[in-house]
2 protein chains.
Amino acid sequence: MGNDNLDNKRPAGPPSPPLPPRSRPLPSSDDRRHIGFLISDVARLMRAAFDRRVRRLGLTRSQWLVLSRLHRHPGISQSELAEMLEVERATAGRMVDRLERSNWLVRQPDPADRRINRLYLTAEAEAVQAEMGTIAEGLIDEAMALLDAGERAALTAMMERVKTQLQAMAQPGAAP
Amino acid sequence: MGNDNLDNKRPAGPPSPPLPPRSRPLPSSDDRRHIGFLISDVARLMRAAFDRRVRRLGLTRSQWLVLSRLHRHPGISQSELAEMLEVERATAGRMVDRLERSNWLVRQPDPADRRINRLYLTAEAEAVQAEMGTIAEGLIDEAMALLDAGERAALTAMMERVKTQLQAMAQPGAAP
DNA sequence: TGGCAATAGTCGCATGGGTAATGATAACCT
DNA sequence: AGGTTATCATTACCCATGCGACTATTGCCA
């Protein structure tokens, strides 16, 4: 997060707990936290910018993600949707509730497995889906306007490595 | 978000709406969206990883951010806290509610201005605050383990430029 | 001084996200 | 076949966040 400018005077404290010794000099504590804050900030600002641009359509970014997956994979179940979005089934179910209530999609019972709801976009949803894709691309282009093509590629590659590492850390059986 | 692997067969559609002409060749639509998804994913994974590590302390990442600001700036008002965290006053107020209920901080009425609550950490909060700072640093170090020092610096610098740009776009009076 | 604009905080309503428990249904396996 | 296990969806209860309306104060200024 943002402006906690000023002093890092933290009262010196005990001589830093037993962090594993490092070969290379480390940046300051605050610098190490800085990148974490930055990533959160940028994600939040992107979501806010997107929501601002699609509000007039009566949708949010998260809802667009659902429509987008359903456009590419019509007839998936709620669990499959949850897995694609990397959210819990309960979360996906509530999102489906709201989208169904607003007539963006329908639940259809699977004829062969009565546990399953199969999801289908309505015609109106198909229409706005494409528009929102265009908005998303335009937003990314604007957000990355200060980076040249090489930098964008480098940023993407680095973020992919960070994501890989975080996923490994989330794996049950990773040393905390 | 993650695995929308497979086909981008989207049915060809109309010949792409009037995007502004570009001098440099653009990466594909999906590549452009990709970096947006990546940033959201990494932010979410970092929050989840942090929450997992501090859950035993009975706190969340957002609550740690409050404690951290209060540690550095004891006696600030709720509005000042909201501004530092870049959240709405209502959000900050509810967070203060919960933290006060769990005895991590106290509200003290300002003697000179009866509108203002001044916030102070309790002793227990001061204690865990430091521990959580250490956890945050360790988390960042692990998450960035696949990047060398130069790459981390480059990543930080690029993300700062993206944030700057997004803040400019959020400014009232920016061409959508 | 008296009135009105600005500020601090709260509350209600909404979305979005997680965990845990539960009920219904399939699948599996002895 | 029958019992056990796994899966799908829903529900209830949390936290976090935004927006807008509202109250209580302060401050400012004519």
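Atoms considered below: every heavy atom in the structure, side chains included; atoms not considered: hydrogens, waters and symmetry mates. So you know, we letter chains A, B, ... as the sequences are listed, proteins then strands, and number each from 1.
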Engineer: Would you please confirm or rule out a distance under 4.0 Å between OP1 or OP2 of C:dT7 and any side-chain N or O of B:Ser79?
Structural biologist: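 Indeed not, no polar side-chain atom of B:Ser79 lies that close.
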Engineer: Between B:Thr60 and D:dC15, is there a side-chain N or O to OP1/OP2 distance below 4.0 Å?
Structural biologist: no
Engineer: Please list, by residue number, the residues of residues 110-121 of chain B whose heavy atoms come closer than 4.0 Å to an atom of DNA chain C; answer none if no residue qualifies.
Structural biologist: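 Correct list: B:Arg115, B:Ile116, B:Asn117.
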Engineer: Given D:dG18, C:dT15, C:dC11, which nucleotide is nearest the side-chain atoms of B:Ala90?
Structural biologist: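 Between D:dG18, C:dT15, C:dC11, the one nearest the side chain of B:Ala90 would be C:dC11.
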Engineer: Could you go through A:Val54 and A:Trp64, starting from their C-alpha distance and side-chain angles, then the distance that decides it, and tell me whether this counts as side chain to side chain contact (heavy atoms under 4.5 Å, CB included)?
Structural biologist: CA-CA 9 Å; A:Val54 299; A:Trp64 165 60; over 6 Å; no
Engineer: Is any side-chain N or O of A:Gln78 closer than 4.0 Å to OP1 or OP2 of D:dT7?
Structural biologist: no
Engineer: Does this structure show an ion pair linking A:Glu86 with A:Arg69, if we count only N-O contacts that are shorter than 4.0 Å?
Structural biologist: no
Engineer: Do the side chains of A:Arg94 and A:Asp97 get close enough for a salt bridge, i.e. N-O under 4.0 angstrom?
Structural biologist: no
Engineer: Within less than 4.0 Å of OP1 or OP2 of C:dG17, is there a side-chain N or O belonging to A:Ser62?
Structural biologist: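 Yes, A:Ser62 has a side-chain N/O under 4.0 Å of OP1/OP2 on C:dG17.
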Engineer: Using whole Å, what does the distance between atom P of nucleotide C:dG9 and atom CG of B:Leu85 come to?
Structural biologist: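 About 13 Å, once rounded to whole Å.
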Engineer: Establish, with yes or no, whether the OP1 or OP2 oxygen of D:dT10 is under 4.0 angstrom from a side-chain nitrogen or oxygen of A:Arg107.
Structural biologist: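 Yes.
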Engineer: Can you give me the closest heavy-atom contact between A:Met95 and A:Leu85, atom names plus distance?
Structural biologist: CE-CD1, 4.1 Å
Engineer: Quick one: B:Leu65 CG to D:dC15 P, roughly how many Å, whole number?
Structural biologist: 17 Å
Engineer: How many whole angstroms separate atom CG of A:Asp51 from atom P of C:dG17?
Structural biologist: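 It works out to 10 Å between those atoms.
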Engineer: Is there a side-chain polar atom (N or O) of A:Arg98 under 4.0 Å from OP1 or OP2 of C:dA14?
Structural biologist: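 No, because none of the side-chain N or O atoms of A:Arg98 sits under 4.0 Å from OP1 or OP2 of C:dA14.
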Engineer: Check each of B:Arg107, B:Arg89, B:Glu83 against B:Gln78 using the side-chain hydrogen bond (donor to acceptor under 3.5 Å, both in side chains) test, and report the only one that passes.
Structural biologist: B:Arg107
Engineer: How many angstroms lie between NE2 in B:His73 and CG in B:Leu119, if you round to the nearest 0.5 Å?
Structural biologist: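 CG of B:Leu119 is found 13.0 Å from NE2 of B:His73.
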Engineer: Between C1' on D:dA12 and CD on A:Glu88, what's the gap in Å once rounded to a whole number?
Structural biologist: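 It works out to 15 Å between those atoms.
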Engineer: Main chain of B:Leu147, side chain of B:Arg152: is a donor-acceptor contact present, judged purely on distance under 3.5 Å?
Structural biologist: yes
Engineer: To the nearest 0.5 Å, what is the distance between CE (A:Met144) and CD (A:Glu151)?
Structural biologist: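 A:Met144 CE to A:Glu151 CD: 11.0 Å, rounded to 0.5 Å.
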Engineer: For B:Glu83 and C:dG9, give me the distance from atom CD to atom P, rounded to whole Å.
Structural biologist: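 From B:Glu83 CD to C:dG9 P: 12 Å.
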Engineer: Between the side chains of B:Asp51 and B:Arg61, is the shortest nitrogen-to-carboxylate-oxygen separation below 4.0 Å, so that they form an ion pair?
Structural biologist: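 No, this pair does not count.
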Engineer: How many Å lie between CZ on A:Arg44 and C1' on C:dT15, as a whole number?
Structural biologist: 17 Å
Engineer: Starting at the 5' end of DNA chain D, which residue's closest nucleotide do you reach first, A:Gly93 or A:Arg55?
Structural biologist: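 This one resolves to A:Gly93.
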Engineer: Using heavy atoms to find the nearest nucleotide of DNA chain C for A:Arg89 and B:Ser77 separately, return the residue whose nucleotide is more 5′.
Structural biologist: B:Ser77
Engineer: Could you measure the distance from the CD atom of B:Glu80 to the CG atom of B:Leu70? Nearest 0.5 Å is fine.
Structural biologist: 10.5 Å
Engineer: What's the angle between the local helix axes at either end of the helix from C:dT1-D:dA30 to C:dT30-D:dA1, using five pairs per end and rounding to 10 degrees?
Structural biologist: 0°
Engineer: For A:Arg94 and D:dA12, what is the distance between atoms CZ and P respectively, to the nearest whole Å?
Structural biologist: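 My rounded result for the distance is 12 Å.
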Engineer: Starting from C1' on C:dT15, measure out to CZ on A:Arg101 and report it in whole angstrom.
Structural biologist: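 Computing the A:Arg101:CZ to C:dT15:C1' distance gives 10 Å.
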